[in-house]
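To find a chain, count down the sequence lines: A is the first, B the second, and so on, and within it residues start at 1.
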Protein chains: 2
Amino acid sequence: MSPARTYVHPDREDIALPRVLFALSEPLRLAMVRKLADEGEVDSVELGPDLPRSTLTHHTGLLRESGVVFVRAQGRKCMISLRTEDLAARFPGLVETVLAGYDADDAPAAGEDAK
Amino acid sequence: MSPARTYVHPDREDIALPRVLFALSEPLRLAMVRKLADEGEVDSVELGPDLPRSTLTHHTGLLRESGVVFVRAQGRKCMISLRTEDLAARFPGLVETVLAGYDADDAPAAGEDAK
DNA sequence: TTGATCGTGCGACTATTGTCGAACTATTAT
DNA sequence: ATAATAGTTCGACAATAGTCGCACGATCAA
């Protein structure tokens, strides 16, 4: 058999806060993480159906290298999942808090000035 | 009298999550926010005593424009404070969670492999 | 008023980032 | 084997970010 595609991931202890925050500071990537938190492991293409493949690879690679997601090859596709446990161990509550803020960001806070 | 220095700050509702995360993703700025959380309002120079002034202005300006800090002129100095209430209203727990992770990041978790 | 001090704005430079097409490799189906 | 498909890598490009010297305006002390 041929060497299947492999992916390098940082160890849990090596996940660094600034890099994680940077990864989450990009609207596209933040939306990806939102989807991953909602749906668990998904096919990479679901994270950006309209994006050029090379752009998608770029963002998933950045999320992987910063320790936010885990990537595994599945046939010719690749599956992406949040490193929920590692992130919770290292920065408890961070992802939850950020995603809560993400919702607040474009959810007009029902009954405030909602249209 | 002359027009005292004024600073533009985004309204609370206009504070955007990605910008906040980006502001916090820079180690220097993260350290600044850490100090602000600990000490309240401080003289800007305390946030980076060794930095060139123009570099310091750059970072405080970015923190201000992203809605993380409030800046006011005090004589010829300028005082910086965290916009704690605004941030808590918009992204509850975010700053606390991030700073908790910041501590975990360079505090070797006493008794682990601490030298 | 004069001079010292502090922050700001500008400009230059370098490094990083995001976007994307094109060529390449791996995997699957026929 | 051959063709089709999915992801990766590379290179180019524009945009953005970080650093810092320098000149300028504001502020305060004498």
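Ring planes of Phe22(A) and Phe22(B): tilted class, angle from 30 to 60°.
With DNA chain C read from its 5' end, the first of the two nearest nucleotides for Val45(B) and Pro52(A) is the one closest to Val45(B).
The NE2-P distance, from His58(A) to dG11(D), rounds to 16 Å in whole Å. Distance CG (Leu28(A)) to P (dT17(C)): 16 Å, rounded to an integer number of Å. One can place CZ of Arg53(A) at 14 Å from C1' of dG21(C), the figure rounded to the nearest angstrom. Between the CG atom of Leu63(B) and the P atom of dT8(C) there is a distance of 13 Å, rounded to whole Å. Across the protein-nucleic acid pair, Glu26(B) atom CD and dT16(D) atom C1' stand 13 Å apart, rounded to whole Å. The distance from atom CG of Leu47(A) to atom P of dA6(D) is 15 Å, rounded to the nearest whole Å. Following rounding to the nearest Å, Glu65(A) (CD) and dG18(C) (P) show an atom-to-atom distance of 12 Å. Put simply, CG on Leu51(A) is 11 Å from P on dG21(C), counting in whole angstrom units.
Side-chain atoms of Arg83(A) and Pro10(A), non-hydrogen and from C-beta on, do get closer than 4.5 Å to each other. Using a 4.5 Å heavy-atom threshold, the side chains of Val71(B) and Met79(B) count as separate. In this structure, Val69(B) and Met32(B) have side chains that are not in contact, with every pair of non-hydrogen atoms separated by 4.5 Å or more. Between Arg53(A) and Val45(A), the closest side-chain pair of non-hydrogen atoms falls below 4.5 Å. You'll find the side chain of Arg64(B) stays beyond 4.5 Å of the side chain of Ile80(B), heavy atoms only.
The side chain of His59(B) contributes an N or O atom lying less than 4.0 Å from OP1 or OP2 of dT19(D). Of the side-chain N and O atoms in Arg5(A), none sit less than 4.0 angstrom from OP1 or OP2 of dG7(D). Between Tyr7(A) and dG7(D), a side-chain N or O to OP1/OP2 separation shorter than 4.0 Å is absent. For the OP1/OP2 pair of dG18(D) and a distance below 4.0 Å, the side-chain nitrogens and oxygens of Thr55(B) include no atom meeting the criterion. Considering only side-chain N and O atoms, Thr57(A) lies nowhere under 4.0 angstrom from the phosphate OP1 or OP2 of dG7(D).
Residue Leu56(B) is out of contact with every strand shown, counting any heavy-atom pair closer than 4.0 Å.
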Please write out each protein N/O paired with an N/O of nucleotides 28-30 of chain C under 3.5 Å, distance rounded to 0.1 Å.
none

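Residues satisfying the salt bridge (Lys or Arg N to Asp or Glu O under 4.0 Å) criterion with Arg12(B), sequence neighbours excluded, are Asp86(B).
Taking only distance into account, the side chain of Ser54(B) meets the base of dG21(D) through a donor-acceptor pair shorter than 3.5 Å.
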